[in-house]
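First the structure, in the form of structure tokens, and then the observations on it.
Note that these values count all heavy atoms, side chains included, but never hydrogens, waters or copies made by symmetry.
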Amino acid sequence: MDPAVNRTAARAAAATVGLGVAGLTYATVIERNAFVLRHNTVSVLEPGATPLRVLHISDLHMTPNQRLKQAWVSELDALEPDLVINTGDNLAHPNAVPAVVQALGGLLSRPGLFVFGSNDYFGPKPKNPFNYFQKDHKRVHGEPLPWQDLRAAFTERGWLDATHTVRELEVSGVRTVAAGVDDPHIGRDRYETVEGRPNPLAHLRLGLTHSPEPRVLDRFADDGYDLVLAGHTHGGQLCLPGYGALVTNCNLDRSRVKGVSSWGSTMKLHVSAGLGTSPFAPARFCCRPEATLLTLTPVSHGDATFEEAQSLPPLAAERR
């Protein structure tokens, strides 16, 4: 073969490897630590209700040594939200409960509701990434995690567990009904425990689930809920420019993998792309880790009007 051709092929191969290394470094060191606060306005309240600011947090996947993530989450209390919603997968290590509680800090003193996900109950394990393209692949659970301790810490500080329970509370003058299910991703949901139309006198009817499985969303919509909040998808975690998420890791369509969408004729869905990753897949690409501040307004104000992203000042890269 012509030596010039060999040199050209070698340079092309070297460039490809270099791009691959650069992309992997960016995804594992930079983007997965590039936390962003998103803002959405969603019109779901009864006419005349006072606007409500809801902070949605999901999928922390916390380990004890993730200081950057803990510091970023702790700053969210300065937003002074009216209500905090946590849709699960807080843990990624058996010793991470103190780190989660410390990171949430002052947010635990604000009105809050939560449901858990599979990674509150079971630790992460290495998985074949191609399994995520098979919606019905076999679930492999890791070691049990201390979810009871996490639940106790949340409830002792005043947050309400919405798992298979209907809760009624008043938040900043907004009469709210909230109901949740346990994680549908691992078949723990029992919607029949909360089924039925919520209190018609409420200004806001919230549904909570970790995994946004359509069969559960349909039940919430049929019962007349205004807004369902979920996590689990990580926004696809690894996305392609111009295409978006490759998978959702559930039966939800890729177009709804994160952000606000409509479900049925009247219900809204918000899916958080979450703040963490599994320790065995510590990478994000075109899908920054996020929390979301939702401003809920009366329906007369129009539909969802904008989305805005806000980054905190750059932090040193977190490698583990």
Side-chain angles (χ1 to χ4, degrees), residues 28-40 52-117 119-120 124 145-147 149-161 171-172 208 210 229 231 234-235 258 270 272-279 282 284 287-295 308-320:
T28 58
V29 177
I30 298 175
E31 184 165 325
R32 81 177 181 96
N33 297 298
F35 308 108
V36 63
L37 176 66
R38 302 199 182 278
H39 297 259
N40 274 284
L52 195 68
R53 299 167 76 246
V54 177
L55 179 65
H56 184 189
I57 295 173
S58 196
D59 297 86
L60 286 167
H61 292 281
M62 191 73 78
T63 62
N65 61 340
Q66 290 179 323
R67 307 299 182 192
L68 295 181
K69 188 193 301 182
Q70 293 162 26
W72 192 88
V73 172
S74 69
E75 294 181 14
L76 295 175
D77 184 52
L79 299 170
E80 299 184 348
D82 300 307
L83 179 66
V84 184
I85 302 293
N86 182 313
T87 49
D89 272 12
N90 295 277
L91 305 175
H93 191 281
N95 297 326
V97 170
V100 170
V101 172
Q102 183 174 357
L104 292 172
L107 292 172
L108 289 169
S109 298
R110 301 187 183 278
L113 294 155
F114 67 93
V115 292
F116 283 157
N119 287 144
D120 294 302
L145 293 176
W147 64 270
D149 295 340
L150 186 63
R151 182 185 185 278
F154 284 177
T155 57
E156 285 167 2
R157 294 287 295 274
W159 279 12
L160 300 176
D161 186 352
V171 183
S172 298
L208 278 65
H210 176 66
L229 295 99
H234 294 192
K258 64 179 178 180
H270 180 259
S272 171
L275 282 161
T277 65
S278 165
R284 280 181 178 255
C287 186
R288 293 173 64 178
E290 67 179 41
T292 305
L293 187 65
L294 298 164
T295 300
E308 177 185 349
Q310 172 186 338
S311 300
L312 263 67
L315 295 170
E318 181 171 75
R319 298 183 181 274
R320 296 186 63 186

Any chance you could lay out the side-chain contact (heavy atoms from CB on, under 4.5 Å) test for Leu294 and Leu229, step after step, and finish with the verdict? CA-CA 11 Å; Leu294 298 164; Leu229 295 99; 3.6 Å; yes
Asp161: what forms a side chain to side chain donor-acceptor pair (under 3.5 Å) with it, not counting sequence neighbours? Arg151, Thr163
N/O donor-acceptor pair under 3.5 Å between Asn119 side chain and Ala92 backbone: no
Which value, rounded to the nearest 0.5 Å, describes the distance between Leu113 atom CG and His56 atom NE2? 11.0 Å
Would you find a donor on one side and an acceptor on the other, under 3.5 Å apart, between the side chain of Gln102 and the backbone of Ser74? no
According to the interplanar angle, ranging from 0 to 90°, do the rings of Phe116 and Trp147 count as parallel (below 30°), tilted (30 to 60°) or perpendicular (above 60°)? perpendicular
On the 0 to 90° scale, with breaks at 30° and 60°, tag the Phe154-Trp159 ring pair as parallel, tilted or perpendicular. tilted
What distance do Leu91 atom CG and Met62 atom CE have between them, rounded to the nearest 0.5 Å? 9.0 Å
If you look at every heavy atom in Pro81 and Leu55, which pair is closest and at what distance? CB-CB, 3.8 Å
Side-chain donor or acceptor of Glu290 paired with backbone N/O of Ser272 under 3.5 Å: no
Can you tell me how far the CG atom of Leu208 sits from the CD1 atom of Ile85, to the nearest 0.5 Å? 5.0 Å
Could you tell me whether the side chain of Arg284 and the main chain of Gly276 form a donor-acceptor pair under 3.5 Å? yes
Interatomic distance, Leu275 atom CG to His234 atom NE2 [nearest 0.5 angstrom]: 9.5 Å
Using atom types as modelled and distance alone, determine if a side-chain donor or acceptor of Asp120 lies under 3.5 Å from a backbone N or O of Asn90. yes
Answer yes or no: is there a side-chain heavy-atom contact under 4.5 Å between Lys69 and Thr63? no
Are the side chains of Leu107 and Ile57 in contact, using a 4.5 Å heavy-atom criterion? yes
Pairwise distance CG(Leu145) to CG(Leu150) - rounded to 0.5 angstrom: 9.5 Å
With Arg53, which residues qualify under side chain to side chain donor-acceptor pair (under 3.5 Å), at least two apart? none
Note, Leu104 side chain near Val84 side chain (heavy atom, < 4.5 Å): no
Spell out, as yes or no, whether a donor-acceptor pair under 3.5 Å connects the side chain of Arg288 to the backbone of Ala273. no
Chi angles and distances behind the side-chain contact (heavy atoms from CB on, under 4.5 Å) call for His93, Asn65: CA-CA 10 Å; His93 191 281; Asn65 61 340; over 6 Å; no
Write down the atom of Pro64, the atom of Asn95, and the distance for their closest heavy-atom approach. CG-O, 3.6 Å
So which heavy atom on Pro124 is nearest to which on Ser278, and how close? CB-OG, 3.8 Å
For Ser58, give me all partners under side chain to side chain donor-acceptor pair (under 3.5 Å), at least two apart in sequence or on another chain. Thr87
4.5 Å side-chain heavy-atom contact, His61 and Gln66: no
